[in-house]
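First up is the structure itself, then whatever we jot down about it.
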Amino acid sequence: LEHLEETRAALIDAVRHVAPDRRDARAGEGRWTVGEVLDHVSRVEAGYARLLGKRVSDARARGLSRETETSSILGSVASGPLTDRTRRLEAPEIVVPRQGATVEEGLAALASSRAAVRAALLDANGLALGTLTQDHPFLGTMNMYQWGVFVGLHDLRHAAQIREVAHPSAGS
């Protein structure tokens, strides 16, 4: 949760540094506005909350064990492929943002998706989430802890994208 709060703060900080008259601008052809970026991030995060809830519910029914591992999970996902903005990634259709989404709508959606993730993680507290996996379209098979790390790194990727809207010459 601390990782997620830190990375979300970086995302929100990036939004704050975009002049209001630039928030609906695109950093280039086929790029998203700040509101659309936030809509996309919230869709990804809400998807993780649903995925985690379903995996935990199904696993509980099968007798999911308690967690015994205590090492940090933060280094379990390579940040490079996610935070490298020189490599363009196409969002799967399910998480493509709603065209014309506003910053205000995006911020509200982020608050809602974060609340859902927090609730799902707190509900799963103490369970062996490392035993529950799901494939990611770019990163391969990841466990539910790694998915949580991914959500934070995803915030950082899109914080960089938002900074490109604020300063188009600095973008990729």
Residues at least two apart in sequence or cross-chain that pass ring pair (Phe, Tyr, Trp, His ring centres under 6.0 Å) with Trp147, listed by chain then number, are His136, Phe150
Is there side-chain contact between Arg118 and Glu5, with heavy atoms separated by less than 4.5 Å? yes
Between Thr131 and Met144, is any pair of side-chain heavy atoms under 4.5 Å apart? no
Going by distance alone, is a donor N or O of one side chain under 3.5 Å from an acceptor N or O of the other, for Glu105 and Thr102? yes
Measure the shortest side-chain to side-chain distance between Val151 and Leu4 over non-hydrogen atoms and say whether it is less than 4.5 angstrom. yes
Would you compute the distance between atom OH of Tyr145 and atom OG1 of Thr133 and round it to the nearest 0.5 angstrom? 13.5 Å
Determine whether Thr33 and Val103 make a side-chain contact, defined as any pair of heavy atoms from C-beta on separated by less than 4.5 Å. no
Thr141-Asp135 side chain donor-acceptor pair, cut-off 3.5 Å: yes
Let me confirm one number: the CG-CD distance from Leu38 to Glu45, rounded to the nearest 0.5 Å. 11.5 Å
Going by heavy atoms in the side chains, are Leu127 and Glu67 under 4.5 Å from each other? no
Mind checking whether Val15 and Val34 have side chains closer than 4.5 Å, heavy atoms only? yes
Looking at NE2 of His3 and CG of Leu153, how far apart are the two atoms once the value is rounded to the nearest 0.5 Å? 4.5 Å
Please determine whether the number of non-hydrogen atoms from other residues, nucleotides or ligands lying under 6.0 Å from atom CG of Leu122 exceeds 12. yes
Within residues 37-73 or reaching into it, pairs that qualify as ring pair (Phe, Tyr, Trp, His ring centres under 6.0 Å) - sequence neighbours excluded: Trp32-His40, His40-His154, His40-His158
Of Arg60, Arg62, Lys54, the residue whose pairing with Asp58 passes side-chain hydrogen bond (donor to acceptor under 3.5 Å, both in side chains): Lys54
Quick check: do Leu52 and Leu132 have side-chain heavy atoms less than 4.5 Å from each other? no
Run the numbers on Arg31 and Val165 for side-chain contact (heavy atoms from CB on, under 4.5 Å), then give the verdict. CA-CA 9 Å; Arg31 304 301 276 284; Val165 172; over 6 Å; no
Could you note down all residue pairs passing ring pair (Phe, Tyr, Trp, His ring centres under 6.0 Å) where residues 110-133 supplies at least one of them, sequence neighbours left out? none
Quick one: does Val41's side chain get under 4.5 Å of Arg8's, heavy atoms only? yes
